[in-house]
Amino acid sequence: MNLRLEDFRNIVFFTGAGMSKESGVPTYRGAGGIWGEYDYERYACQRAFDTNPEDVWEFHNFRRELYGKCPPNTAHRLVAELEDAHAVAVVTQNIDGLHQRAGSTDVIELHGSIWRLLCPRCDRTEEDRSAPLADPHCPDCGAWWRPAIVWFGDAVDRAVFQRANEALSAADLFVAIGTSAVVYPAAGLPRVAKAGGAAMVEVNPEETELSPLYDLHLRGPATEMLPRLITGS
Ligand code: NAD
Ligand code: ZN
């Protein structure tokens with residue numbers, strides 16, 4: 001299948017950990033995945049935060065330091081540059097903020113952001129890029145800040161999910177990049193785009209469970225396949 005991007009008005013990118021891999025951010029699953037080294041029950045779930053916020057912050061400070069050193073890659077930049085000529089939305093499962101750093105302006109973060117803080121007691125939220133976090137306590141009420149990300153066992157924010165659904169229903173081109181499509185409810189979103197009639201492209205070096213849903217498969221790393229998609233070669 002040959003695609004010309006100029007034929008599309010509403011392009012939605014749906015990105016996962018593979019999008020940021022070439023920036024140096026580790027994926028979760030597979031070789032080098034961080035859940036091989038860290039037990040999420042101790043570091044990344046609500047119960048761990050309730051019982052041992054120090055450990056949870058140790059782990060998230062480690063991630064903030066790591067992610068903060070990772071620059072956006074060519075694929076992030078190409079996605080951002082497409083905004084000059086198309087309506088572009090990015091629906092991402094990543095929490096690293098790299099799409100925004102590359103210049104994308106419409107980014108729906110399904111799993112939140114490692115750079116956002118939420119006070120579970122008074123609901124204050126704040127953007128903060130210090131790494132390690134300068135003060136892990138809310139200045140208003142003194143409670144521990146919680147990283148505003150979706151942990152194991154948390155539900156995806158309904159308003160955010162609704163925005164993602166709307167963007168996907170309006171898409172005429174849907175491009176999934178670097179997602180293994182196994183984590184629900186995010187994994188159900190490509191079907192929404194498909195049902196809305198979007199042309200479907202998958203960028204991933206490997207086959208995924210949802211591969212049969214796509215019209216075009218670009219089997220390779222994001223930084224090599226995105227230039228191909230954009231130039232049509
Ligand atoms: P995943 O780790 O399950 O899957 C990553 C996918 O990326 C795989 O299918 C793999 O084949 C593919 N891939 C590997 N290298 C690639 C490359 N260079 N270019 C394109 N694709 C490549 O990740 P997931 O599907 O995103 O699900 C895991 C969950 O953990 C999600 O919530 C995810 O976003 C989150 N997570 C986020 C980050 C981050 O913020 N950067 C990092 C790890 C995991
Ligand atoms: Zn507070």
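One is the number of the first residue; the rest follow in order along the sequence. Numbering of ligands and ligand atoms starts at 1, following listing order. Not measured: the values here are computed from a predicted model.
Hydrophobic clustering of Ile, Leu, Val, Met, Phe, Trp and Tyr side chains at less than 4.5 Å, counting indirect connections, keeps Val150 apart from Ile108.
Nearest to atom 18 (N) of ligand 1 by heavy atom, out of Lys21, Met19, Glu22, is Glu22. Taking only non-hydrogen atoms, the option from Ala187, Ala17, Ala222 nearest to atom 19 (N) of ligand 1 is Ala222. Compare Ala186, Ser113, Pro26, Gly178 by their heavy atoms: the one nearest to atom 5 (C) of ligand 1 is in Gly178. Of the options Ser23, Ser211, Gly18, the smallest heavy-atom separation from atom 13 (N) of ligand 1 is shown by Gly18.
If you number the atoms of ligand 1 from 1 as listed, the ones under 4.0 Å from a heavy atom of His111 come out as 31 (C), 32 (O). Contact atoms of ligand 1 toward Pro205: 13 (N), 16 (C), 20 (C), 21 (N), 22 (C) (distance under 4.0 Å to a heavy atom of the residue). Counting the atoms of ligand 1 from 1 in the order shown, those under 4.0 Å from a heavy atom of Ile95 are 39 (C), 40 (O). Less than 4.0 angstrom separates some heavy atom of Ser20 from each of these atoms of ligand 1: 41 (N). The ligand atoms of ligand 1 that sit less than 4.0 angstrom from a heavy atom of Gly16 are 26 (O). Close approach of ligand 1 to Pro221 is summarised as follows: ligand atoms under 4.0 Å from at least one heavy atom of the residue are 17 (C), 18 (N), 19 (N).
Atom CG of residue Leu78 and atom CD1 of residue Ile230 lie 4.5 Å apart, to the nearest 0.5 angstrom.
Among the candidates Trp151, Tyr40, Trp145, the single residue satisfying the ring-ring contact (aromatic ring centres under 6.0 Å, His included) test with His60 is Trp151.
Under 4.0 Å from ligand 1, the heavy atoms of Val25 that appear belong solely to its side chain. Heavy atoms of Gln93 found under 4.0 angstrom from ligand 1 belong to the backbone as well as the side chain.
Checking only distances, Tyr67 never comes within under 3.5 Å of ligand 1, N or O to N or O. The N/O atoms of Asn204, backbone and side chain alike, include one that comes under 3.5 Å of an N/O atom in ligand 1.
No side-chain heavy atom of Asn94 sits under 4.5 Å from any side-chain heavy atom of Tyr67.
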Point to revise | Working for side-chain contact (heavy atoms from CB on, under 4.5 Å), residues Arg121 and Cys138 | key: CA-CA 9 Å; Arg121 193 183 292 158; Cys138 169; over 6 Å; no
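Between Arg163 and Asp157, none of the side-chain N atoms (NZ, or NE/NH1/NH2) sits under 4.0 Å from a carboxylate O, so this pair counts as no salt bridge.
Trp144 has its ring centre less than 6.0 Å from the ring centre of His137.
A cation-pi arrangement, defined by a distance under 6.0 Å to the six-membered ring centre and an angle within 45 degrees of its axis, is absent between Arg101 and Trp115.
Annotation for Glu166: atom CD counts as buried by contact number, over 12 foreign heavy atoms lying within 6.0 Å.
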